[in-house]
Number of protein chains: 4
Amino acid sequence: MTGSPAIRNPRRNHNRSKQVLDAAAELFSSQGFHLTSMRDIAAQAKMLPGSIYYHFASKEELLLTAYEEGVKRIAYQVDVAIAAERDPWNRLEKASIAHLETLLTRSHYAQLVIQVRPEEIPAIAKVLAQLRDNYEKRFRALVDDLELPEDVSSSYLRLLLLGAMNWAPIWYQPGGDSPRSVAEQFIRLLKPLYSPSK
Amino acid sequence: MTGSPAIRNPRRNHNRSKQVLDAAAELFSSQGFHLTSMRDIAAQAKMLPGSIYYHFASKEELLLTAYEEGVKRIAYQVDVAIAAERDPWNRLEKASIAHLETLLTRSHYAQLVIQVRPEEIPAIAKVLAQLRDNYEKRFRALVDDLELPEDVSSSYLRLLLLGAMNWAPIWYQPGGDSPRSVAEQFIRLLKPLYSPSK
Amino acid sequence: MTGSPAIRNPRRNHNRSKQVLDAAAELFSSQGFHLTSMRDIAAQAKMLPGSIYYHFASKEELLLTAYEEGVKRIAYQVDVAIAAERDPWNRLEKASIAHLETLLTRSHYAQLVIQVRPEEIPAIAKVLAQLRDNYEKRFRALVDDLELPEDVSSSYLRLLLLGAMNWAPIWYQPGGDSPRSVAEQFIRLLKPLYSPSK
Amino acid sequence: MTGSPAIRNPRRNHNRSKQVLDAAAELFSSQGFHLTSMRDIAAQAKMLPGSIYYHFASKEELLLTAYEEGVKRIAYQVDVAIAAERDPWNRLEKASIAHLETLLTRSHYAQLVIQVRPEEIPAIAKVLAQLRDNYEKRFRALVDDLELPEDVSSSYLRLLLLGAMNWAPIWYQPGGDSPRSVAEQFIRLLKPLYSPSK
DNA sequence: GATGAATGAGTGTTCATTCAT
DNA sequence: TATGAATGAACACTCATTCAT
């Protein structure tokens, strides 16, 4: 796993590697890892199955690479969203909107991070879990910045919010409320209580 | 899927069928559907792979049966828990405790309901989703019974709470807080706001 | 490698396992391990490729089992051949005849022991080498029993004889001298010198 | 197999071709033909797999070329070794020493001649066998020059000696006796008998 | 001369399932 | 009821080879 040739040497790469990765991200996120065969990915990328292996060493490496990209993207969206905000609750709200929007509409890569459960792929379960953990640290910090009453656990507030958001792909219907409004609703349910000023 | 012999004649050797089902529930819930082979289940049930098919027509039927049992069990626990309560918030709390306790500690069958994502098994995805939906209606009713401020969406409150609880198996560590206390914390985070009298 | 089902439970075995093993022994010994595919073996055994795996866990296990059988057979032939002999040179000659006859004509299993070089199959190279070594110990003992002049190394005499015989499959033509007569010639080339009586 | 460009124009960049051939000789002789992939050879020669095909038309041609070189080298060593000798037994001894020394220590190319069994590569099996045969004719001549008793077959003496030597790579350990001394021992085992004068 | 990229046939193997006994 | 044995389709992957650039 020291990187495939195309990644080591991206110059002459007619971005076919990206094509493969895109195909993998889409199929893995929509059908899951085990229901997606290398043949499926090859077909989607308009390649022959064997050709994938020029770009990626294994199915697991393909997932891992896509997953990393997913974490990068969702992290980037969240970081951008909160950059200009100072108010702790606003920051949490912006972060939640970015999280849910990326998760639900923006990118197959980001969906991967939520849809694929690390334990499903034992060989790389630990790395995947760590990557996600790393991303979620942002929410830990955001929640810790809130001024909460003493008897309120910031840990559970974080788990409550993140859990609820990560479960959203299960029930979310594209036709209904926008991801943004879902996030706002979640925050509204939590916010007023702990900021008596409002 | 017209039912296997043992299910048509449920009295006959009910034991062995249950043994198979137990094995399936345990393995499906701990490793997932796709990482569990019929051979694994047979081994755990101390049978040969072919023998399973006397009891269940297919891997999917095995999962479906176990899933149904899981829904039944968790539903029963919740129903019992709220039977004696009248206060809406107390009822929601008791239900949440029962939900989380069953989910996290009580039974492999119940874990199945959360751990197995219907879309993972396209052939029976709809039935599974419906079974879960049916169970979760309880929470719809419980939340609707709360007296909430007008600007608060009971739908999103339900989704927030259920999502957070269903995500718990991802981060829950057996050594830490008890499932009961997790549920109480979640409720405490939501409750005070809307019932300022308490 | 704790033994395949059919070997653990040989009773009801309609000796299909043996059919597979026979096919493997023949093909491995005539074409070599790497030029023989599991599909080839299956075809020869009138089975489908997947069916082989009911009997043997892997291609390597198949080879190993056949190789063990080969060692057993050639060892048995040699042991029987020398059982009634007392004179050391006669014993060596009988052993050599048995060795070469089994090797060149009797059985694909025995040919395996010579035709397949352990290093060709790294995963089981050590076991194979040990099995052959174990067999060849017989010749060490037989040569040690000869009364040799002091300046003659019994080690090299053994290596000379065994090497020459094991090389025989390379040049041996079924139409020419019999294996027996080849062995006798080899012994005649070595014997007279060290038995001054002649 | 009409020859690759580099072979048609052997002056041009002879270096790179040799590099490839060296890599092939080393890997083929140490791991065998089938366990060595073109990728392995390319890596060892610090090239990309596709580049090999500028120099050699196929894996088989690569082996054939290296094998020819091996035969040439071992033949040369033997020819040089016996050039100055007149006594038949001395000639045979010198030839054997040269044969074994080249085989066991001198060159991967020479080892190829012994380590690679022609039948392993059906497409060129005959050519390989012929090449080796051609080389071994030397020993036929050397043995025929010995003055042997009438009842001793010079053919079998040759097969005995050559077989024993060619089997040596199987048991030879670099730490032990030198190849020279092995060859001398073999000759000593055969010689005294037929030349009682010595 | 050499490379990046792809090909396509083939490999060993898995696995849900079937069925005669 | 259960088993031994087999099936056949699918799977991830390998590898010699090709070829435009």
Side-chain angles (χ1 to χ4, degrees), chain A residues 4-6 8-14 16-17 34 36-42 46-60 62, chain B residues 4-6 9 12-13 15-17 34 36-42 46-60 62, chain C residues 4-6 8-14 16-17 20 34 36-42 45-60 62, chain D residues 4-6 9 12-13 15-17 34 36-42 46-60 62:
Chain A
S4 63
R8 267 187 261 110
N9 208 351
R11 185 76 58 83
R12 297 220 203 171
N13 187 354
H14 293 286
R16 299 283 269 142
S17 286
H34 293 292
T36 302
S37 73
M38 292 301 264
R39 277 165 180 78
D40 292 341
I41 296 172
K46 276 154 195 169
M47 267 183 180
L48 292 184
S51 306
I52 296 184
Y53 290 84
Y54 178 76
H55 303 277
F56 299 92
S58 69
K59 197 183 174 187
E60 277 80 15
L62 199 41
Chain B
S4 63
N9 307 326
R12 277 241 222 139
N13 210 341
N15 267 354
R16 297 293 271 154
S17 286
H34 294 292
T36 302
S37 73
M38 292 298 265
R39 272 169 179 76
D40 293 340
I41 296 171
K46 276 156 195 170
M47 266 183 183
L48 291 187
S51 310
I52 295 183
Y53 289 84
Y54 181 82
H55 303 277
F56 298 93
S58 70
K59 199 184 174 187
E60 278 79 17
L62 200 40
Chain C
S4 63
R8 265 187 262 111
N9 208 352
R11 185 75 59 83
R12 297 219 203 170
N13 186 353
H14 293 286
R16 297 283 269 143
S17 286
V20 177
H34 294 293
T36 303
S37 73
M38 291 300 265
R39 277 163 180 81
D40 292 341
I41 296 171
K46 277 156 194 170
M47 268 185 180
L48 292 184
S51 307
I52 296 182
Y53 289 83
Y54 178 78
H55 303 277
F56 299 91
S58 68
K59 197 182 174 188
E60 277 80 15
L62 199 39
Chain D
S4 63
N9 306 324
R12 280 241 222 142
N13 210 342
N15 266 353
R16 297 291 272 154
S17 286
H34 294 292
T36 302
S37 71
M38 292 299 265
R39 271 167 179 77
D40 292 340
I41 297 170
K46 277 157 194 170
M47 267 184 185
L48 291 188
S51 309
I52 296 183
Y53 290 83
Y54 181 81
H55 303 277
F56 299 92
S58 70
K59 197 183 175 188
E60 278 79 16
L62 199 40

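Proteins get letters first, then strands, A, B, ... in listed order; numbering begins at 1 in each.
- Comparing C:Pro49 and A:Lys59 against DNA chain F, the residue whose closest nucleotide sits nearer the 5' end is C:Pro49.
- The nearest whole Å value for the distance from the CD1 atom in C:Ile41 to the C1' atom in E:dT11 is 12 Å.
- Closest contact between the side chain of C:Ser58 and the listed nucleotides E:dT13, F:dA16, E:dT7 involves E:dT13.
- The interatomic distance linking A:Tyr53 (OH) with E:dA5 (P) rounds to 18 Å, in whole Å.
- Between A:Tyr54 and E:dA5, a side-chain N or O to OP1/OP2 separation shorter than 4.0 Å is present.
- Listed here is the closest heavy atom pair of A:Arg16 and A:His55: CB-CE1, 4.0 Å.
- At the phosphate of E:dA6, OP1 or OP2 sits under 4.0 Å from a side-chain N or O atom of A:Arg16.
- Across all strands, B:Ser51 comes closer than 4.0 Å to base atoms (heavy-atom distances).
- Straight-line distance from the CD1 atom of C:Ile52 to the C1' atom of F:dT7: 13 Å, rounded to whole Å.
- Candidate nucleotides E:dT13, E:dT17, F:dC11 were compared by shortest atom distance to the side chain of A:Arg39, and F:dC11 ranks first.
- Between C:His55 and F:dA6 there is a side-chain polar atom (N or O) within less than 4.0 angstrom of OP1 or OP2.
- One can place NE2 of D:His34 at 13 Å from C1' of F:dC15, the figure rounded to the nearest angstrom.
- If you check F:dT3, E:dC15, E:dT17 against the side chain of B:Ser37, the one that comes closest is E:dC15.
- One interatomic measurement links the two molecules: CG of C:Asp40 to P of E:dG10, which rounds to 11 Å at whole-angstrom precision.
- The distance from atom CG of A:Leu48 to atom P of E:dG8 is 5 Å, rounded to the nearest whole Å.
- The 5' end of DNA chain F is approached more closely, in terms of each residue's nearest nucleotide, by B:Lys46 than by the other of B:Lys46 and D:Met38.
- Toward the 5' end of DNA chain E, the nearer of the two residues A:Met47 and D:Met47, judged by each one's closest nucleotide, is D:Met47.
- Contact detail for A:Met38 and A:Ile52: the closest heavy-atom pair is O-CD1, 3.5 Å.
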